[in-house]
**Q** 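The structure is given below, and queries will be raised subsequently.
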Number of protein chains: 2
Amino acid sequence: MNKNQPAQQFTHSDLILENNAIGSIWQICFVANSFVFPIYAFYDKQYKISRMEFVILFILAHKGKLMAWEMCIMTGLPKNNISRGVKKLESKGLIKRSQDPKDARRAILVTTKTGEGLYQELIVHYTRRADDFLSLLDEDDKNDLDRIMLKLSKSMPTIS
Amino acid sequence: MNKNQPAQQFTHSDLILENNAIGSIWQICFVANSFVFPIYAFYDKQYKISRMEFVILFILAHKGKLMAWEMCIMTGLPKNNISRGVKKLESKGLIKRSQDPKDARRAILVTTKTGEGLYQELIVHYTRRADDFLSLLDEDDKNDLDRIMLKLSKSMPTIS
DNA sequence: TATGTCAAGTCTCAAATGGAACTAATTTCA
DNA sequence: TGAAATTAGTTCCATTTGAGACTTGACATA
């Protein structure tokens with residue numbers, strides 16, 4: 001899939017970095033990167049959709065409507081990135097923006113029909129990969145993972 | 001810390017995307033991004049060390065010596081990135097490369113004393129943040145997290 | 001020992017990224 | 001009220017990133 005990676009199809013177990021200085025954080029980052037990397041490469045190639053564009057579609061599809069600053073918080077991504085993604089999606093007719101009547105600085109963003117359609121097409125690949133991946137875990141593991149990651153998500157500390 | 005982010009110091013709980021199409025994967029990515037983002041910004045500012053450079057120092061410090069292709073597998077990062085990181089670290093005198101006698105294409109990489117010293121300085125911030133972060137969990141949670149993330153790390157699927 | 005294939009690593013180039021400065025709207029509070 | 005501070009979002013610019021082509025070395029098969 002990715003010609004920039006060495007040819008090994010699976011990670012060698014002895015090249016997993018257990019017991020490192022930052023504990024599970026390393027594994028969390030490794031899993032996150034390794035999981036999404038091929039998907040975004042695929043979206044880019046097949047649909048000319050960037051990571052930022054997909055992420056925005058994804059959260060809009062779930063929340064219905066959002067403002068850019070809410071997207072920043074939801075994704076943890078910088079606002080200039082979000083701003084560019086929004087502009088691009090708008091120019092492609094995949095989302096629409098309207099002024100917030102209460103605050104002229106803010107724009108309320110929603111997907112268009114086309115955008116919703118594209119999202120439905122894209123998400124199939126993502127969920128299939130996620131299901132494959134999580135199928136390695138039994139039900140208890142999945143519940144533990146859900147609970148723990150949610151707990152961590154809700155209280156991400158700023159830098160100390 | 002990051003002027004590109006909206007000013008909220010903590011994530012709003014209602015802006016956490018629970019029950020989404022890809023389950024815990026979303027949280028894993030969110031946590032990974034939100035966790036490392038401020039650290040690498042800090043390293044860049046204070047030490048002029050990029051993410052790639054740190055990651056290479058980190059795994060070298062743990063494994064002693066490695067070749068570039070092993071780093072790719074361990075990190076899930078593209079080989080051209082690793083190659084550039086290695087070149088930069090070498091030019092700064094933080095790592096050293098020597099030919100693999102068994103295969104002239106390969107280079108065996110190790111940290112220099114300076115590199116090891118810098119790593120020791122950098123890792124303090126990282127582990128402090130990791131400890132703060134994981135202190136949100138009780139011992140059972142931590143063990144579950146370790147176990148599950150390790151299981152997932154060891155069997156990352158290629159794209160389907 | 002030729003020859004085609006594969007592997008490790010580098011290079012090029014276009015695109016994505018993030019920090020910082022900026023604009024414009026809103027809020028704070030003297 | 002009005003100046004100062006804050007916030008939402010954009011733009012600029014330098015750096016980082018990744019895909020793909022490329023180079024060189026190893027290896028398999030004949």
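Proteins come first, then strands; the chains are lettered A, B, ... in the order of their sequence lines, and each starts at number 1.
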**Q** Taking atom P of C:dT10 as reference, at what distance in whole Å does atom CG of B:Leu77 sit?
**A**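 Roughly 16 Å, once rounded to whole Å.
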**Q** Quick check: are there more than 12 heavy atoms from other residues, nucleotides or ligands sitting under 6.0 Å from NZ of A:Lys65?
**A** no
**Q** Can you see if the side chain of B:Lys45 gets near the phosphate of D:dT15 - specifically, an N or O under 4.0 Å from OP1 or OP2?
**A** no
**Q** Of the non-hydrogen atoms in B:Leu94 and B:Leu57, which two are nearest, and what is the gap between them?
**A** O-CD2, 4.3 Å
**Q** Please give, in whole Å, the distance from C:dA16 C1' to A:Asp44 CG?
**A** 10 Å
**Q** Among all residues two or more places apart in sequence or in another chain, which pass the ring pair (Phe, Tyr, Trp, His ring centres under 6.0 Å) test with A:Phe133?
**A** A:Phe35
**Q** Just how far, in rounded Å, is P of C:dA7 from NZ of B:Lys79?
**A** 10 Å
**Q** For DNA chain C, determine which residues of residues 101-111 of chain A have any heavy atom closer than 4.0 angstrom to one of its atoms, and list them numerically.
**A** A:Asp103, A:Ala104, A:Arg105
**Q** Do you know the tightest heavy-atom contact between B:Lys151 and A:Leu136?
**A** CD-O, 3.9 Å
**Q** Can you measure B:Asp100 atom CG to C:dA7 atom C1' for me and round it to whole angstrom units?
**A** 13 Å
**Q** Would B:Phe54 and B:Tyr47 count as a close aromatic pair, with their ring centres under 6.0 Å?
**A** no
**Q** Classify the ring geometry between A:Phe58 and B:Trp26 as parallel (under 30°), tilted (30 to 60°) or perpendicular (over 60°).
**A** parallel
**Q** Within residues 81-92 of chain A, which residues have any heavy atom lying less than 4.0 Å from an atom of DNA chain C?
**A** A:Asn81, A:Arg84, A:Lys88
**Q** From D:dG9, D:dA19, C:dG9, pick the nucleotide closest to the side chain of B:Trp69?
**A**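 The answer is C:dG9, which lies nearest to the side chain.
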**Q** Scan residues 47-57 of chain B against DNA chain D and write down, sorted by residue number, each residue with any heavy atom closer than 4.0 Å; if none is found, say none.
**A** B:Arg51, B:Met52
**Q** Using five pairs at either end of the helix from C:dT1-D:dA30 to C:dA30-D:dT1, determine the angle between the two local helix axes and round it to 10 degrees.
**A** 30°
**Q** Kindly state each residue pair satisfying side-chain hydrogen bond (donor to acceptor under 3.5 Å, both in side chains) with at least one member in residues 88-98 of chain A, sequence neighbours excluded.
**A**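 Sorted result for residues 88-98 of chain A: A:Glu53-A:Lys92, A:Glu90-A:Arg97.
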**Q** So, does the side chain of A:Asn80 form a donor-acceptor pair with the base of C:dG19 at under 3.5 Å?
**A**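 Answer yes: a donor N or O sits under 3.5 Å from an acceptor.
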**Q** Specify the closest pair of heavy atoms between B:Gln27 and B:Leu17, including all atoms of both residues, with the distance to one decimal.
**A**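 For B:Gln27 versus B:Leu17, the nearest heavy atoms are NE2-O, 3.1 Å.
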**Q** Take the protein atom CD1 of A:Ile73 and the nucleotide atom P of D:dG9, then report the distance between them rounded to whole Å.
**A**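 My rounded result for the distance is 11 Å.
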**Q** For B:Leu66 and C:dA8, what is the distance between atoms CG and P respectively, to the nearest whole Å?
**A** 14 Å
